[in-house]
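Since the structure comes first, as structure tokens, the remarks are kept for the end.
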Amino acid sequence: MKKFKKVLAVFLSTVMAFSMSACNNSEKSAVKDNSVYRKLYSKEVTSMNYLTESGVSSNKICANVVDCLVEYDQYGNIMPSLAESWEHNDDMTEWTFHIRKGVKWVDKNGSAVADVTANDWVSAAVYVNDARNDSDIQYMYNTGAIVRNAQQYYDYTAYLLKAEKLGVSEGKDAVDADGKIVKAVAPVKTEDIGVKAVDDYTLVYTLEQPCPFFLSVLSYTSYMPVYGPFLKEKGSSFGIDNDSILYNGAYILSSFEPQHEHVLTKNQSYWDKGNVLIEKIHEIYNVEGGNIAVRMYQNGEIDCAEISSDLIDSMMKDEATKNIIHRARLDSSFSYFFCFNFDPQFDGIYEPDNWKLAVNNENFRKSIMYGLDRVRALRVSDSYNPENMLNNTITPSNFAAAAGKDYTQYDALKAYTNGDSFDKDKALAARDAAKKELSDAGASFPVKILMPYNPSMTNWGKECQVIEQQLEGLLGNDYIDIIVEAGPETGFLSNVRMSGKYALLKCNWGADYSDPQTWSEPFSKGRKYGFWEKSTDDNTAALYNKYTEMVLSAASIYNDDEKRYTAFAEAEAMLIDHAIAVPYSISGSDDYMICRLNPMEGEYAPYGVALWRYKYKKLYDTSMSMEEFQAAYKNWMKERDAVLANKK
């Protein structure tokens, strides 16, 4: 068995040394009174059922009131939480967690209700995977890490639901209102699900296949514990207010008055209350918060004000605010990249057949990749530090690390990570080569490039216009004709990207777990990102088949992180080498604020709920300036690299 405890003491001493250093980085001194942190909110929570809800507003509360098996330090290292230690078998299909003793479930008044035991994770797994509970986050039991029989139990309960509605006996096929056959599903018992409480403080997850990144899956709300008897008692009312959930986390939701206030109060029975530095979180409802938050901060009424992109320029010129504005912590949970569509389904006016010839020409794709000035485009949303948002690979930097270094610094990706794909000379050379090759193939010029955008997304349309002008200006409007077109405000995803009604489109993908495998998923069959598996061109088809083989081979490596990451890096580099997709940015391009919290403090993980937790954070006298943020961010990256190096 691979044991966690053996390395814990050494690792903790290394992390704590760097954590102490980082806490003293800011030029701002911490205030003596950390009692209350005040902020506005404008969207009310509809449910706090953390086992079913995927909404950000709900999860931001639940992240602070219920603990997971694991948590994170400020550099993204996994640490013990409600599991004091853990081990796995040799092929990583069985993970055993030793639950912390003495932790209590408490009510909104802080009164003890029950002990937290291993049974609470079994109760959660059964509830989440029962289709009758309609959980938005059930997929986490069947994505990357596949818990044995979890999906089978979900499918069985989904069949029972349909059979009941159609008045069909269990075990019988049925026909629904649309004439579709509903096939009977073999029974699966709750005890068949691969989540077992060996005893009150020993929890075992059994997986269908080896999973080296399973720990990172455990910080999603669908893997949070729940006290079974209380869940059964509340039934469908579980999570509707602060009386209908129990608490074992850093805070208790002591007051929940919809469209008025939320008050999170420090849990005095919390197992690690010494690291809960802010006594109370007071969230004040105001639907106009975006317009009045800055004034309220200046009046001393709140401690944090988010700044919309249309106000940032004027506020940076205002003596009263320019030195207290900074950006939010950079978010690597989403990667943005441009997809070329190899199976166009748009109207004939945009010449789909001609586009097929162009998109299957590698030099044509490279002319776009090398020709795209990403910094210029990102300046639309972030005129001060657009370089911060650049993402030179599909997988963002500071996302995953192994063998002492960040994944994006592995040999196959290092040159991309430390460089810039924008290169005028390469773009023009690729254009000239593409012109000849495409002319010989019978293509016509300029090649029409349909580039739609969602008009409900701030700045996306303007960004597309900048890209149109910049690329046509560099490559020539006799070579390309970029057609910027507004798509529907609602249903954009299904009507445009998933329907293939574009030639070139900015797409994104969000991480589900801490492993480069998660970033390969958009380019796998059936994901409807670029549709390159549908290309009838021999060269493109060969690239797709080769990439698929490389990803499958990388995913099969579970007992050597360095080899696994090396293999995934080589597969990802192949995507960029052949310009199948063009890396663009990470998310959060317009996230500026005035806030008395240090963005570099607190837990860090670009997936799950860690970034929303207040544990380890403290209040400062005033807000950081932009310069102080940049210095703190650079220092954080330096310290993270040092921590990674010490983990070799």
Side-chain angles (χ1 to χ4, degrees), residues 25-43 60 261 278 281-331 374-390 456-463 465-466 585-602 611 614 617-636:
N25 284 339
S26 176
E27 296 177 15
K28 311 295 185 187
S29 58
V31 296
K32 292 181 180 179
D33 181 8
N34 267 310
S35 58
V36 185
Y37 170 66
R38 303 156 302 169
K39 59 173 292 189
L40 301 181
Y41 75 99
S42 59
K43 185 177 181 181
K60 282 184 175 180
E261 69 171 12
I278 301 174
I281 315 296
H282 187 192
E283 299 183 342
I284 306 155
Y285 180 79
N286 194 310
V287 72
E288 299 295 329
N291 298 321
I292 65 172
V294 173
R295 177 177 57 78
M296 290 183 69
Y297 178 91
Q298 291 173 312
N299 291 342
E301 299 173 77
I302 58 174
D303 302 299
C304 188
E306 296 179 359
I307 302 171
S308 59
S309 56
D310 59 326
L311 295 177
I312 186 69
D313 284 335
S314 61
M315 292 184 64
M316 284 299 293
K317 296 172 184 176
D318 188 334
E319 291 295 326
T321 54
K322 70 176 185 179
N323 291 321
I324 53 173
I325 296 174
H326 62 269
R327 65 163 36 262
R329 189 173 201 159
L330 297 171
D331 184 1
R374 299 172 302 158
V375 172
R376 182 173 171 181
L378 287 168
R379 195 169 280 120
V380 170
S381 297
D382 188 344
S383 58
Y384 290 92
N385 296 293
E387 294 84 1
N388 280 344
M389 306 310 303
L390 276 182
S456 69
M457 302 298 289
T458 304
N459 290 324
W460 194 352
K462 185 177 179 181
E463 180 185 73
Q465 291 171 358
V466 169
S585 74
I586 57 176
S587 57
S589 58
D590 57 353
D591 293 343
Y592 283 93
M593 60 180 56
I594 299 173
C595 189
R596 291 171 60 203
L597 298 178
N598 181 344
M600 297 301 108
E601 290 180 345
L611 288 175
Y614 288 104
K617 295 181 180 180
K618 55 182 175 289
L619 287 168
Y620 287 82
D621 287 328
T622 187
S623 177
M624 278 183 174
S625 67
M626 204 82 80
E627 292 75 15
E628 287 167 335
F629 171 84
Q630 289 290 84
Y633 180 61
K634 288 179 181 178
N635 196 62
W636 177 80

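If you're wondering where the values come from, they're calculated on a predicted model, not measured in any experiment. Computed from heavy atoms alone, side chains included, the values below leave out hydrogens, waters and symmetry copies. When a residue number appears, it is its place in the shown sequence, counting from 1.
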| message | Using the rule salt bridge (charged side-chain N to carboxylate O under 4.0 Å, His left out), only one of R596, K618, K617 pairs with E601; which is it? | response | K618
| query | Distance-only, no hydrogens or angles: does the N299 side chain make a donor-acceptor pair with backbone N or O of E301 under 3.5 Å? | reply | no
| query | Do I312 and M316 come within less than 4.5 Å of each other through their side chains, counting heavy atoms only? | reply | yes
| query | Rounded to the nearest 0.5 Å, how far does CG of N385 lie from CE of M389? | reply | 10.0 Å
| message | Return the CG to CD distance between N598 and E628, rounded to the nearest 0.5 Å. | response | 10.0 Å
| query | Side-chain contact, heavy-atom cut-off 4.5 Å: K39 with D303? | reply | no
| message | So which atom in C304 and which in Y37 form the shortest heavy-atom distance, rounded to 0.1 Å? | response | CB-OH, 3.1 Å
| field | Minimum side-chain heavy-atom gap T321-Q298 below 4.5 Å | value | yes
| said: For a quick test of reading the model, state the closest non-hydrogen atom pair linking Y614 to E283 and the distance between them. | reply: OH-OE2, 4.3 Å
| Mind checking whether V380 and W460 have side chains closer than 4.5 Å, heavy atoms only? | no
| How close do I324 and S623 get, heavy atom to heavy atom, and via which atoms? | O-OG, 2.6 Å
| query | Can you find a heavy atom in the side chain of R379 that is under 4.5 Å from one in the side chain of E463? | reply | no
| query | Looking at M624 and F629, what are the two nearest heavy atoms and their distance? | reply | SD-CA, 3.8 Å
| request: For residues I325 and M315, report the shortest heavy-atom separation together with the two atoms involved. | output: CD1-CB, 3.6 Å
| said: When you compare the side chain of H326 with that of C595, does any pair of heavy atoms fall below 4.5 Å? | reply: yes
| query | Do P599 and Y633 have side chains that get closer than 4.5 Å, going by heavy atoms? | reply | no
| query | Does any non-hydrogen side-chain atom of N635 lie less than 4.5 Å from one of M600? | reply | no
| query | When rounded to the nearest 0.5 angstrom, what distance separates CG in N286 from CG in L40? | reply | 6.0 Å
| message | Can you tell me how far apart OH (Y297) and CD1 (I302) are? Round to the nearest 0.5 Å. | response | 9.5 Å
| Heavy-atom pair of closest approach, residues D313 and S383 | OD1-OG, 3.4 Å
| How long is the gap from CD on E306 to CG on L311, to the nearest 0.5 Å? | 12.5 Å
| message | Nearest 0.5 Å, please: how far is CZ in R38 from CD in E261? | response | 13.5 Å
